[in-house]
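Here's the structure, in C-alpha cells; my notes come after.
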Amino acid sequence: MLLRSPVETVPWVRCEQCRTLTYAKRFVRELRVCPECGRHSRLTAAERIAQLLDEESARPVAVSRAVRDPLRFVDDRPYRERHQEAVARTGMECGVLVVRGRIEGHPVVLAVMDFRFMGGSLGAAEGEAVTTAAETALADRVPLVVVTASGGARMQEGAVSLMQMAKTSNAYAALDRAGLLTVTVITDPTYGGVAASFATLGDVVLAERGARMGFAGRRVIEQTIREELPEGFQTAEHLLARGLVDDVQPRVELRPALRRLLAATGGVRAGWDGGRTDPVERDVTRLAERPAWDVVQTARDVGRPTTTDHLGHLLDGFCELRGDRSGADCRAVVAGIGLLDGLPVMGIGHQKGHTTRDLVAHQFGMPSPAGFRKAARAMRLAEKLGIPVVTLVDTPGAYPGVEAEENGQAVAIAENLRLMGGLRTPIVAVVTGEGGSGGALALAVADVVLMSANAVYSVISPEGCASILWRDAAAAPRAAQSLAIDARSLLAQGVVDGVVPEPPGGSQQDPVAASELLHDAVTAALAGLLGRDADDLVRQRVRRFRGFGRADGEVTAS
Ligand SMILES: [Zn+2]
C-alpha cells in the first residue's frame with residue numbers, strides 16, 4: 001500500500017500547534033509527528049497500515065457492499081453528494097480499510113478507520129467492514145487489531161448506523177468465545193458510537209499519545225452541565241489514570257507495543273514442562289519453628305522483592321494491563337502478560353515498594369476496589385486466552401477508606417473469590433510477603449497455594465487482633481503467635497500446599513536468588529496443572545476449599 005499524502009509535494013510543513021517548520025521528508029520519516037512539540041498529525045488509513053504492518057505483508061480483505069443512503073437523507077446538501085465527495089477525496093469505498101498482515105511476523109487482521117472519510121463516522125459500510133474484520137480474524141484464528149478515529153455514528157444513515165454498534169459488538173463477542181485476542185489502538189479523536197462499541201471492547205486498549213476518547217464530546221458536556229471541564233479531560237493520559245486504557249504510547253512506539261503484546265500472548269502452549277527442579281518444601285517436620293513475630297518483621301522488610309521485581313524476573317516481555325475499565329486504575333495491584341520460559345502467563349499481584357515514595361505511589365500495597373476489579377479483568381482475559389494465572393500476594397490488607405467503602409470494597413473482594421473459584425484456567429498463588437486477610441485471599445483462591453518461607457498469612461493483622469482481643473496493640477507478638485500466621489503453621493493446617501525456600505537470612509538478603517527460587521516453584525506447580533481438563537481443574541479447586549474446617553480432617557484434595 002502506498003504512503004500517499006499531499007504533504008510530500010511541498011518542501012516544508014508548518015506544525016499546527018507550535019508553528020515550527022519541518023522539512024517535509026523528515027516529517028514523513030517522523031510518522032507525521034512534529035519533532036519540535038510532539039504533536040501527532042492525523043494519518044490516513046493507508047499510512048497507518050504501512051506504519052504498523054511488516055513491509056509488503058498487507059493483503060486487502062473484501063467487504064460486502066452495504067446500503068448507501070437508506071434514508072435518502074438531505075440536509076443543506078444530499079448525503080449522496082457528500083459521500084461521493086469523500087470517496088473521490090480519499091480514494092476509499094468507505095471510512096475503514098481491512099487487511100490481513102503481519103506485525104514482526106505475527107499474523108493479524110487489521111482494520112483502520114480514516115478520519116478524512118466523513119469524520120470517520122460509523123455508517124453501514126464502516127460497521128460492515130469492522131464486522132468483516134472480526135469474522136476474518138475468527139475464520140483465520142488470529143488476533144484482531146483495530147485502529148479507531150471517529151466522531152461517532154453517522155447521522156445521515158439514521159437508525160441503521162446506530163445498529164452498527166450492536167453488530168460490531170456481537171462480532172467481538174464471537175471472538176471472545178473463540179479465545180482470540182482483540183486489540184484497539186485509539187487515535188485522535190474516538191467518540192460516540194465507536195467509543196461505545198468495538199473501540200472499548202478490545203481485550204487490550206492502547207492509546208496513541210494526544211488521542212482523546214469519550215462518549216459525549218467536550219463541547220456537548222460543557223453546554224449541558226454549564227461547567228468548565230478540567231484540563232486534560234478525555235485525553236489519553238486522563239483515560240489511563242481513569243482505568244479506561246492499558247497504555248499510552250507515542251506513534252513510533254505503537255508497532256513495538258503491538259509486537260510485544262502479540263509475542264507475550266502467542267508463546268508455546270503444548271508440551272511445556274518448564275524443566276525446573278521443584279524447590280518447594282511440603283514436609284512440615286523439615287521446617288524450623290520460629291517465633292511468629294520474628295517472621296512478621298521479615299515479611300514486612302521493605303528490602304524484599306516486590307511483585308514487579310519478581311514478575312520482571314519470571315516473565316519475559318511483560319506487558320502491563322492497566323485499569324478496571326470502570327473509572328480507576330489502582331496502583332496497589334499490578335497485572336500483565338509475559339512469557340515464563342516461553343509459556344504465556346498472566347501475572348497479577350499486590351505491589352508495595354522499596355522507598356517511602358514508592359510505597360505511597362502504590363498505596364502501601366493496599367488495593368482499592370479498582371485493584372481487585374483490575375485483577376478480575378486480567379483473570380477473565382487469561383481464561384479467555386487459555387493462559388494460566390500466577391498471583392503474588394503481598395498486602396497488609398484491602399485499603400480502608402471512605403471512597404473504597406463507597407465503591408464496594410466488600411463486593412469487589414467477594415466477586416474475586418467467586419470468579420477465581422470457577423476460573424477455567426490453572427491458578428498458582430504464592431504469598432510472598434504479607435497475606436493480609438480478605439485483601440490477600442481475593443488473589444489467592446488457587447489450585448496450588450504456596451507461601452514463601454518468611455511470609456505470613458492471616459485473618460487479621462497481629463496489631464488489629466491484639467487491640468480487639470487483648471485491648472492492647474502492644475500484645476501483637478502474642479497475637480501473631482496465637483494466630484499461627486507463619487508458613488510452617490499454615491502448611492501444618494493445609495491452608496498452603498508448600499513452602500518456597502528463601503535465601504539465607506530472607507529474600508531481602510538476595511532478591512535475585514529469591515526470585516529464582518520463586519521461578520522454579522511456580523514453574524513446577526504450573527507444569528503439574530497444564531493440560532488438565534478445565535472441569536476437572538475447577539472441581540478440584542472447589543474441593544480444596546470445601547475441605548477447610550471439616551472435623552473429619554479432609555482438608556485437601558489431591
Ligand atoms: Zn509542533
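Just so it is clear, the model here is predicted, and its values are computed rather than measured. Every heavy atom of this structure was used, including side-chain atoms; hydrogens, water molecules and symmetry mates were not.
For the pair A111 and V96, the tightest heavy-atom approach, listed with the atom from each and the gap, is CB-CG1, 4.1 Å. Residue A257 comes nearest to Q249 through the heavy atom pair CB-CG, 4.4 Å, listed as atom of the first residue, atom of the second, then distance. Considering all non-hydrogen atoms of both residues, Q363 and A332 come closest at CB-CB, 4.2 Å. Contact record, V245 with A236: CG2-O, 4.1 Å, taken as the closest heavy-atom pair. Smallest separation of non-hydrogen atoms from R26 and P35: NH2-CB, 3.3 Å. Closest heavy-atom contact between M92 and A45: CE-CB, 4.1 Å.
Classification of E157 and R68 as a salt-bridged pair fails, no side-chain N sitting under 4.0 Å from a carboxylate O. Between E222 and R219, no side-chain nitrogen of the basic residue sits less than 4.0 Å from a carboxylate oxygen of the acidic one, so the salt-bridge criterion is not met. Electrostatic pairing of D520 and R276 counts as a salt bridge here, judged by a charged N lying under 4.0 Å from a carboxylate O. Using a 4.0 Å cut-off between a side-chain N of Lys or Arg and a carboxylate O of Asp or Glu, K167 and E128 qualify as a salt bridge. Under a 4.0 Å N-O distance rule, the pair D358/K352 does not qualify as a salt bridge. Electrostatic pairing of E126 and R154 counts as a salt bridge here, judged by a charged N lying under 4.0 Å from a carboxylate O. Checked for salt-bridge contact, R242 and E237 miss the test: no charged N lies under 4.0 Å from a carboxylate O.
Between the side chain of D69 and the backbone N or O of R72 there is at least one donor-acceptor pair closer than 3.5 Å. At distances below 3.5 Å, not a single donor-acceptor pair connects side-chain atoms of H519 with backbone N or O atoms of L314. A distance-only check finds no donor-acceptor pair linking the side chain of E36 to the backbone of C18 [under 3.5 Å]. No donor-acceptor pair under 3.5 Å is formed between the side chain of H40 and the backbone N or O of V33. Between the side chain of R59 and the backbone N or O of E56 there is at least one donor-acceptor pair closer than 3.5 Å. Side chain of R325 to main chain of G243: a donor-acceptor pair is present (N/O by atom type, distance under 3.5 Å, no hydrogens or angles). Without hydrogens or angle criteria, T200 side chain to A196 main chain gives no donor-acceptor distance under 3.5 Å. Checked by atom type and distance alone, the side chain of Q51 pairs as donor or acceptor with a backbone atom of R251 at under 3.5 Å. With R177 contributing its side chain and Y172 its backbone, the two residues share no donor-acceptor pair below 3.5 Å. Judged purely by atom type and a 3.5 angstrom limit, S150 uses its side chain to pair as donor or acceptor with the backbone of G120.
Of the inter-residue distances, the one linking D309 atom CG with T307 atom OG1 reads 8.5 Å to the nearest 0.5 angstrom. Distance check, rounded to the nearest 0.5 Å: CD of E253 to CG of L206 gives 11.5 Å. A distance of 12.0 Å separates CG of D316 from CG of L311, quoted to the nearest 0.5 Å. Here the CZ atom belonging to R48 is positioned 9.0 Å from the CG atom belonging to L31, to the nearest 0.5 angstrom. One distance of note links CD of E104 with CG of L52; it measures 11.5 Å at 0.5 Å rounding. With rounding to the nearest 0.5 angstrom, the CZ atom of R82 is 9.0 Å from the CZ atom of F73.
Atom CD of E81 sits in a crowded spot, with more than 12 heavy atoms from other residues, nucleotides or ligands closer than 6.0 Å. Counting heavy atoms of neighbouring residues, nucleotides and ligands inside a 6.0 Å radius, atom CD of E93 does not exceed 12 of them.
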Can you give the donor-acceptor pairs under 3.5 Å from side chains of residues 373-387 to other protein atoms, not counting sequence neighbours?
residue: R373; atom: NH1; partner: N407; partner atom: O; Å: 3.0
residue: R373; atom: NH2; partner: N407; partner atom: O; Å: 3.2
residue: K374; atom: NZ; partner: D329; partner atom: OD1; Å: 2.8
residue: K374; atom: NZ; partner: C330; partner atom: O; Å: 2.9
residue: K374; atom: NZ; partner: V333; partner atom: O; Å: 2.8
residue: R377; atom: NH1; partner: D246; partner atom: OD1; Å: 3.2
residue: R377; atom: NH1; partner: R322; partner atom: O; Å: 3.0
residue: R377; atom: NH1; partner: G323; partner atom: O; Å: 3.1
residue: R377; atom: NH2; partner: D203; partner atom: O; Å: 3.1
residue: R377; atom: NH2; partner: D246; partner atom: OD1; Å: 3.0
residue: R377; atom: NH2; partner: D246; partner atom: OD2; Å: 3.1
residue: E383; atom: OE2; partner: R424; partner atom: N; Å: 2.8
residue: K384; atom: NZ; partner: D176; partner atom: OD1; Å: 2.7
residue: K384; atom: NZ; partner: L180; partner atom: O; Å: 2.8
residue: K384; atom: NZ; partner: D203; partner atom: OD1; Å: 3.1
residue: K384; atom: NZ; partner: D203; partner atom: OD2; Å: 2.6

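A heavy-atom distance below 4.5 Å is found between the side chains of T425 and V389. The shortest side-chain heavy-atom distance between R77 and V74 does not fall under the 4.5 Å cut-off. In this structure, T432 and P305 have side chains that are not in contact, with every pair of non-hydrogen atoms separated by 4.5 Å or more. Side-chain contact between V112 and V185 is absent, with no heavy atoms from C-beta onward closer than 4.5 Å. Using a 4.5 Å heavy-atom cutoff, the side chains of V99 and L53 are in contact. Side-chain contact between L340 and W272 is present, with heavy atoms from C-beta onward closer than 4.5 Å. The side-chain heavy atoms of H350 and T391, taken from C-beta on, include no pair separated by under 4.5 Å. Under the 4.5 Å side-chain criterion, counting only non-hydrogen atoms from C-beta, D114 is not in contact with L97.
Legend: residues meeting ring-ring contact (aromatic ring centres under 6.0 Å, His included) with F117, ordered by chain and number and at least two apart, are H83. The ring-ring contact (aromatic ring centres under 6.0 Å, His included) test applied to Y23 returns W12, not counting sequence neighbours. Scanning for salt bridge (Lys or Arg N to Asp or Glu O under 4.0 Å) contacts around R226 gives an empty result, with sequence neighbours left out.
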Steps toward side-chain contact (heavy atoms from CB on, under 4.5 Å) verdict (F115, T44) | CA-CA 7 Å; F115 195 77; T44 67; over 6 Å; no
Decide yes or no on side-chain contact (heavy atoms from CB on, under 4.5 Å) for V183 and V205, but give the supporting numbers first.
-> CA-CA 6 Å; V183 185; V205 181; over 6 Å; no
Under the side-chain contact (heavy atoms from CB on, under 4.5 Å) criterion, do E208 and L254 qualify, and how do the steps go?
-> CA-CA 7 Å; E208 182 171 75; L254 289 175; 3.4 Å; yes
Please assess T182 against L201 for the test side-chain contact (heavy atoms from CB on, under 4.5 Å), listing each intermediate value before the final yes or no.
-> CA-CA 8 Å; T182 55; L201 290 180; over 6 Å; no
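The side chain to side chain donor-acceptor pair (under 3.5 Å) pairs that include a residue from residues 183-192 are T148-T190, D188-R212, Y191-Q234, where partners are two or more places apart or lie in different chains. Annotation: side chain to side chain donor-acceptor pair (under 3.5 Å) contacts involving residues 132-143, sequence neighbours excluded, comprise R100-D140.
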